[in-house]
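A quick note: this is a predicted structure, and the numbers were derived from the prediction, not measured. Just so it is clear: chains get the letters A, B, ... in the order the sequence lines come, proteins before strands, and each one is counted from 1.
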Amino acid sequence: MSEQPRQQAPGAYNPGVIEPKWQKYWAEHKTFSVANPGDPGFDAGKPKHYVLDMFPYPSGAGLHVGHPLGYCATDIFCRYKRMKGFNVLHPMGFDAFGLPAEQHAIETGVHPVVTTKENINTYRTQLQMLGFSYDWDREVATCDPPYYRWTLWIFLQMFNSWFDEQADAQDETGRAYKGRARPIAELQSALERGAIGVDDALHLVRGGAADAGPRGLKSAARSRKWSELTEQERRKVIDNQRLAYLAEVPVNWCPALGTVLANEEVTADGLSDRGNHPVFRRPLRQWMLRITKYAERLLTDLDTLAWPEPIKLMQRNWIGRSEGADVDFPIATGGPGEPVVGDEQAWRDRRAADGLPSQPEEFTIRVYTTRPDTLFGATYMVLAPEHPLVNKITADEQREAVTAYVKTAIHKSELDRTADTKEKTGVFTGAYAINPVNGKRIPIWVADYVLMGYGTGAIMAVPAHDERDFEFAKEFDLPMVAVVQPPESWFHDAIQRVGLDADYCKRQGKPNLPEQMTKSATATAGILGGITAQDARAILDGDTGWVRQVALPIYAQDPGIFVETFCGEGTALNSAGFDGLSTGEFKARIAAWLQEKGLGRGTVNYKLRDWIFSRQKYWGEPFPVLHDPDGGTMGMDERDLPLELPEMEDFKPTPVADDSDALPEPPLGRAREWITVEREGKTFRHDANTMPQWAGSCWYYLRFCDPANPSEGWNKDVEKYWMPVDVYVGGAEHAVLHLMYARFWHKLLYDLGHASTIEPFGKLINQGMIQAFAYRDPRGVMVPTDKAVECDSGTFKHVDTGEPLNQVIAKISKSLKNVVRPDDVVTDFGADTFRMYEMFMGPIEASKPWNTRDVPGLYRLANKIWRLVVDEASGELSPALTDDQPDEALNRMLHKTIRKIGQDIEAFKFNTAIGQMFAFINCVTPLEKRPRSVIEMFVLLVSPFAPHLGEELWQRLGHDESLAYQPWPECDAELARDKEIEIAVQINGKVRTRLSMPADADDDALESAARSDPRITAALEGKTIRKVITVKGRLVNIVCGK
RNA sequence: GCCGGAGUGGCGGAAUUGGCAGACGCGCGGGAUUCAAAAUCCCGUCUGGGCAACCAGGUGAGGGUUCGAGUCCCUCCUCCGGCACCA
């Protein structure tokens, strides 16, 4: 640190002394511990406020200056709220399970428990050093058995619940909605009573992984009564409905980390969120949480939250609700390789004769589409490589090609499969389906541009009106039929911008058409045939008239001639009885029509997937279940919780090759004694997986309410008092991870009666990222900060090479060596200065660069505040302090400051609140006499920002008690009011002069004052006044002409 | 590609939501104090012209609405964040 402050005078401001003093005082007096309802000392007369920080993962590096940004904000807010008379719950804890500790253990052999404890101690020391007013009695760490006991307990609640989509439910305000979780026992009894049929219980919402589950059972148990099912079948029916369930699903397998990852933990590049290792798809039997059942509520309840709109939007996009239709496409009869049997008429006849929807379920392909209005344009179908029907329908002569394709597609990493090239690949299966709306036979392909994870894993392809299908059809020369007529402007645009597709025309026997078209109008006319040269000219000029006569017929006949496809809304075409309908009307009608014809139904679909909840790791919560030898799984008895992790020394995953089919064995699998449980002569096994990092943070805000409760996760009454969290502050990187998962758990707990609100977090504030300077060499390569040196006046050079460097703003990262630790700043300037600097940097939500150069400005502020009270030379109270009453001007400044700081804290605008402190200081410092009452109030105003300084000055001003619960100063609006204000006088919108006017001067007074001002009369000389606009308290604008 | 957010002095940022652009801080320049320095205090600091009062221009670029635009509308550029073959 270049600028070392020094203390000389005995009474000089010395944060190195006063800060530890007050931190000790707060700890000893438990100043910030807050009582729960029912506890001694609880004050029921006060309103509550629950202010929560996103608790940190205690990494080995300790806090850097980015972490405390949000913590400073909430601390100021909490201190303010206490002074405003609230019971404030402000806890802190540690999200302590997770990969890095385990990685570290593998590298160093130090047990995660040890490193985690050490890191937590470091974090706690750093946080206390910054003077945050947490209630440390409520500290929790998610890796402590007394904590994760209840994480397991919540898991058991999920395991022992099902989601009843028909159930009536209401939120805490009484608003009614459908669908909620219920105990699984209620499903069982309903099945026994026959209140729910087996078929209903088997009806599984798509998107749940169980959909791909026991297909055999599905048809075997279908249409049978509960009493007719075997015990095993019954158990499968029940297990299929649990909100926590086991399923074999394609997962994101990361060999380098030796674990499976959630979709949310895999980046767009197909790399692991943590560590950037490649991730592969492979099927594994996994614990899943049925978050998809909550998709609708997670979506609609966003509207009730005071969250930043961009975060809500990210969640909406992640949930990805869309409306469309499911349509069943029968597989063509006669079987693969056999002669074509069905044509349109034959198919219709058969349907009519049978009065039935075509074929048994096993021989239809169900697709989901958001554009059922384009059904008549479906000219082929595509199955995802993982689709279960691929194998069944593939014709013998295509089998080899299909198998090879499927194999490579499935083993492709996410990276390859979503690579930017997006070149379409695929293989024909040899089989055909019947387009159910017109009976046309259409080929069925397999292609990896269709994803098993979305919709039904199969699509109807409408190349004329879908970009991907269009590309695919062009690649493989599949037929296209236009069924939506685009608006005229589209034709102009398409032809002018991208023209016609030369290659396509060549392949289709229309050689060089676009090339020649552009040459001359006559050539165009010749090529298109049947149109005049004039029309052709019009096409080239992009004139309007030609669309209906020329462009549309070409398009209707073969949309492939155009380079682009039309995916927008228009008017139906080539769609039998639906021709002429707008896309909207068509969509509205077709759902009912499909249903009536037994071909499909309107559906809602979500992108949200069920949550893959197992990790093949040691350092996480173990699953509170027992697997029996028959393959069944039962939840542990709640009384046996917690299930503690076994002692282990080696956490390495069993190595498995990237593309091997061998199952990876998690470290827990090697803890033989722990994992096997003998009971009633049978050998049960615990699960070798653990829960993902997010589990513990899904409910920590509930434990904070009642952290020491030994017999429950939290007491219901206490929860009811504190919840919901009123203000939640943390980084935007959790927009779709933690914030979605926690909402899901909370809703589930609400359904089961363990939580009293449908949402856990009321107001959410996303703190911005603190960045730091970094340096870029002439080639654009980033250079670590310690390799850069400042030359004269703002230019930088490389230490070794001497090359000039550009100073840029970058993320704080170890590799750039631009990490700034708060410890150094606290050592040099004190925590109060650190806090005020972070708050003064800019708006809390904005990203902004740390600049150590700016810190002394806030240190100066702290010193100036100090000197208002203390005489530096003697260490006594400043002789300028008097018992006089403040004059009018000083009172105005004081009350304006009270108002501004209070308003700004409420609005989380701490930067401008500190700006006001500067203004106050600049006003008061020069005064020779400073009324003590005014200074005392100011000390209170400053104290949330600089609490150590505040307490010390408060004490020196003669108060025995901490100021933490002193009433916040009240603003007297009358005293704060300006009597005289400056009015701008404009001529034609340009300020010509300023007048001092009484604050309450009316429009007439303003206008006449403006008109009589000599400068204005001079400027208006020879001009006619057209209009005069007056804005009370602001300005007068005189509009005039020559 | 799609969806968000943001572009204001040398730097961080203000601007009562359509009303005096650049508050406040940093930095820089000048001065006071000091044997000297640190610390502290005072003055100046958007750009161009003028000794000055003052004049002209100015909020990423271009257009528009308005008495008046950093703020609202249209087109475009740049940076940051999210999603990405989602049928």
Determine, for A:E471 against A:K424, whether the closest basic-nitrogen to carboxylate-oxygen distance falls under 4.0 angstrom. yes

Charged N to carboxylate O under 4.0 angstrom, A:D978 versus A:K896? yes

Side chains of [X] and [Y] in contact at under 4.5 Å (non-hydrogen atoms):
X	Y	result
A:D1013	A:V985	no
A:L478	A:P443	yes
A:T369	A:M460	yes

Would you call the rings of A:Y859 and A:F829 parallel, tilted or perpendicular if under 30° counts as parallel and over 60° as perpendicular? perpendicular

Count the heavy atoms of every other residue, nucleotide or ligand shown that sit under 6.0 Å from CD of A:E928, and state whether that count exceeds 12. no

The answer to which of A:V855 and A:R371 contacts RNA chain B further toward the 5' end, by nearest nucleotide, is A:V855

I need the [atom1]-[atom2] distance between [X] and [N], as an integer number of Å.
X	N	atom1	atom2	result
A:L1035	B:A15	CG	P	19 Å
A:K864	B:C41	NZ	P	5 Å
A:N911	B:G25	CG	C1'	11 Å
A:F910	B:A14	CZ	P	14 Å
A:R366	B:A87	CZ	C1'	16 Å
A:E838	B:G13	CD	C1'	16 Å
A:E467	B:C85	CD	P	13 Å

Looking only at the side chain of [X] (C-beta and beyond, no hydrogens), which of the listed nucleotides [options] gets closest?
X	options	value
A:Q986	B:G19, B:G81, B:U40	B:G19
A:R860	B:G27, B:A14, B:C67	B:G27
A:L858	B:G19, B:G25, B:C20	B:G25
A:N922	B:A14, B:G19, B:G25	B:G25

Protein-nucleotides 3-12 of chain B N/O pairs under 3.5 Å:
from  : atom 1 : to     : atom 2 : distance (Å)
B:G10 : N2     : A:R853 : NH2    : 3.3
B:G12 : O2'    : A:M841 : O      : 2.6

Considering only atom C1', compute the distance from B:G70 to B:A53 and round it to an integer number of Å. 29 Å

Taking B:C72 as the reference, what is the distance to B:G18 when you measure between their P atoms (whole Å, please)?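 Result for the P pair: 8 Å, nearest Å.
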
Once base and sugar-phosphate atoms are separated, protein heavy atoms under 4.0 Å mark nucleotides 50-59 of chain B, 5' to 3', with B, S and - as ----SSSS--

Using the benzene-type ring in the case of Trp, are the ring centres of A:F920 and A:F918 under 6.0 Å apart? no

side-chain hydrogen bond (donor to acceptor under 3.5 Å, both in side chains) involving A:E323 - partner list, sequence neighbours excluded: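 Here the qualifying residues are A:R321.
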
Would a distance-only check, ignoring hydrogens and angles, find a side-chain to backbone donor-acceptor pair under 3.5 Å from A:D469 to A:V462?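 It does hold such a pair.
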
Quick check on B:A87: is either OP1 or OP2 less than 4.0 Å from any side-chain nitrogen or oxygen of A:Y454? yes

For B:A15, does OP1 or OP2 lie under 4.0 Å from any side-chain N or O of A:K909?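 Indeed, a polar side-chain atom of A:K909 lies that close.
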
Which pairs count as salt bridge (Lys or Arg N to Asp or Glu O under 4.0 Å) when at least one residue sits in residues 373-383 of chain A, sequence neighbours excluded? A:R371-A:D373

Excluding sequence neighbours, so at least two apart, what forms salt bridge (Lys or Arg N to Asp or Glu O under 4.0 Å) with A:K848? none

Pairs counted as Watson-Crick or G-U wobble with both distances under 3.5 Å: what dot-bracket string results for RNA chain B, using | for bases tied to another strand? (((((((..(((......[....)))((((((.......))))))((((....))))..(((((..]....))))))))))))....

Describe the nucleic acid contact of A:Q916 in one word from base, sugar-phosphate, nothing, applying a heavy-atom distance below 4.0 Å.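 Touches nothing.
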
